[in-house]
Amino acid sequence: MDGVDVAVAELRLAGDTVELVPVGHTELPYPAELRTALLGVLPPNETTAEQVCKLDTAVGQAFAAAAGHAFATLADGRADLVASLGQTVYHWVEGDRALGTLQLGQPAWIAEATGLPVVSDLRARDIAAGGHGAPLAGVLDQLWLRDGTETQAALNIGGIANITVVAPGKPALAFDTGPGNALLDAAARMISGGVWHQDVDGDLAAQGSVVPELLDVLRADPYYALAPPKSTGKEHFHEGHLTSALEKVGHVAGDDLLATLVELTATTVADACAAHGVTRVVASGGGVRNPTLMAALRRRLDPATLVTSDTLGLPSEAKEAYLTALLGFLTWAGSPADTTGTTGARGARLLGTLTPGSGPLRLPAPATTQVTRLRVRDNVTEKVGETHARA
């Protein structure tokens, strides 16, 4: 909830391969009052329909401003489509089933501001098809890494951490491993009385020491023992989760609390990777900017290697934005996203809802071949007869 990640990508469908060219990306912060209001409606806080309505509008307007900024400064005023993953405020999971999900950011504001059609609400159809609606990163990761010769895990460290395991000759597997930055950010707010929103660069955690008793209590959470597919969110891993754990061990100094939470993220990610024989981890997301967390991950993952997605051509801080562009493009091209092995859906589905732009909605002819690969390229020459879009 730091702000809006926005990226521009050239996408082209050539046979069974999607070619993606990263054009540019940026991050635009939420207005301070909007960020505070979003944090205020997260569980276990209570909210009202009025608050949700106002936030849906305000987030939609922030997304519209971000899309307009990218259109003018990154896309040279030329784009075909906008895709919006939305701002998650609630992910409804009971036991091993996802029953619903809510993302805010009314797409009509984006369409009105840009004049472009918008693909949004990308998670709901997957849940209706029996999936978890998350992590949708598995759609990109299994297409992107499938030609590797070793067992790889694509790791995204956002508020929640998730991995996609891609092994030669096996179906891909994806799931949320547990908290990424969510508990770290909650702890920073808690120990500072709301002044800090995060432990910048992991500086405070680097000064602390892991408290084994607290780490044991946190790792005993039943979520970690669930078999994939599975998903979770801040409705489970929030400040109340921390408070309950601290009540069992007594006082813990702020720097030691953060050091312990860094170790929690690192160990739960590493345990999940080890359980599936991963030998290389390709990391992305906001957590990559935390050197203390990355050092803990390298130590815990050893002998598996840890690299960032930048080494394979996808900027680590913008990978989720490029994922969103891919998901929107697949729907636009009429190519269902295959999440059967990653979210647990019953089959591949066309994801999302389309909002028309300033003119009639004219989709390209649907794809006639199943997409099996994603190739990230530095530059691409447009070819006649290929489905193409800039998102």
Side-chain angles (χ1 to χ4, degrees), residues 9 11 13 15-20 22 126 131-158 160-178 180 226-231 268-285 287-288 297-298 300-316 318-327 329-330 335-345 347-349 351 369-377:
L11 296 116
L13 183 58
D16 66 349
T17 301
V18 174
E19 295 177 340
L20 184 154
D126 185 80
H132 275 258
L136 292 178
V139 176
L140 184 153
D141 296 332
Q142 63 180 317
L143 298 175
W144 184 38
L145 301 177
R146 64 169 297 164
D147 291 329
T149 57
E150 60 183 318
T151 300
Q152 303 181 78
L155 165 66
N156 181 66
I157 314 171
I160 300 298
N162 60 70
I163 62 171
T164 305
V165 180
V166 184
K170 295 181 180 180
L173 179 70
F175 57 96
D176 290 339
T177 60
L226 292 175
K230 60 180 181 177
S231 63
T268 50
V269 167
D271 288 349
C273 290
H276 297 284
V278 170
T279 58
R280 184 170 82 150
V281 176
V282 183
S284 62
V288 169
L297 278 167
R298 284 192 177 89
R300 284 288 184 173
L301 286 166
D302 187 65
T305 57
L306 175 65
V307 300
T308 67
S309 62
D310 304 86
T311 62
L312 300 182
L314 274 181
S316 56
K319 187 187 166 202
E320 190 166 25
Y322 285 116
L323 161 67
T324 307
L326 172 66
L327 295 173
F329 172 76
L330 289 175
S335 181
D338 185 5
T339 58
T340 50
T342 53
T343 70
R349 296 289 189 275
L351 303 179
T369 57
Q370 181 181 354
V371 172
T372 62
R373 282 175 175 78
L374 170 71
R375 182 176 295 116
V376 178
R377 302 175 64 98

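For reference, positions follow the sequence shown, starting with 1.
Using a 4.5 Å heavy-atom cutoff, the side chains of Trp144 and Val282 are in contact. For the pair Leu301/Cys273, a side-chain contact is recorded, criterion being any heavy-atom separation below 4.5 Å from C-beta on.
With sequence neighbours excluded, the residues forming a salt bridge (charged side-chain N to carboxylate O under 4.0 Å, His left out) with Asp141 are Lys319, listed by chain and number. For Arg146, the salt bridge (charged side-chain N to carboxylate O under 4.0 Å, His left out) criterion is met by no residue, not counting sequence neighbours. Applying the side-chain contact (heavy atoms from CB on, under 4.5 Å) criterion to Thr17, with sequence neighbours excluded, gives Glu19, Arg373, Arg375. Not a single side-chain contact (heavy atoms from CB on, under 4.5 Å) links Thr149 to another residue, sequence neighbours left out. Partners of Thr268 under the side-chain contact (heavy atoms from CB on, under 4.5 Å) rule, at least two apart in sequence or in another chain, are Tyr224, Leu264.
Here the shortest heavy-atom pairing between Ser231 and Ala134 reads CB-O, 4.0 Å. In terms of heavy atoms, Asp126 sits closest to Gly133 at OD2-N, 2.8 Å. Nearest approach of Gly313 to Val376, heavy atoms of both residues: O-CG1, 3.7 Å.
Between the side chain of Thr339 and the main chain of Ala345, no donor-acceptor pair closer than 3.5 Å is present. Without hydrogens or angle criteria, Gln142 side chain to Asp338 main chain gives a donor-acceptor distance under 3.5 Å. A distance-only check finds no donor-acceptor pair linking the side chain of Ser335 to the backbone of Leu330 [under 3.5 Å].
Among residue pairs with one or both ends in residues 302-311, none qualify as salt bridge (Lys or Arg N to Asp or Glu O under 4.0 Å); sequence neighbours excluded.
Atom CD of Glu150 is separated from atom CG of Leu145 by 10.0 Å, given to the nearest 0.5 angstrom. To the nearest 0.5 Å, atoms CG (Leu140) and CG (Leu323) are separated by 5.5 Å.
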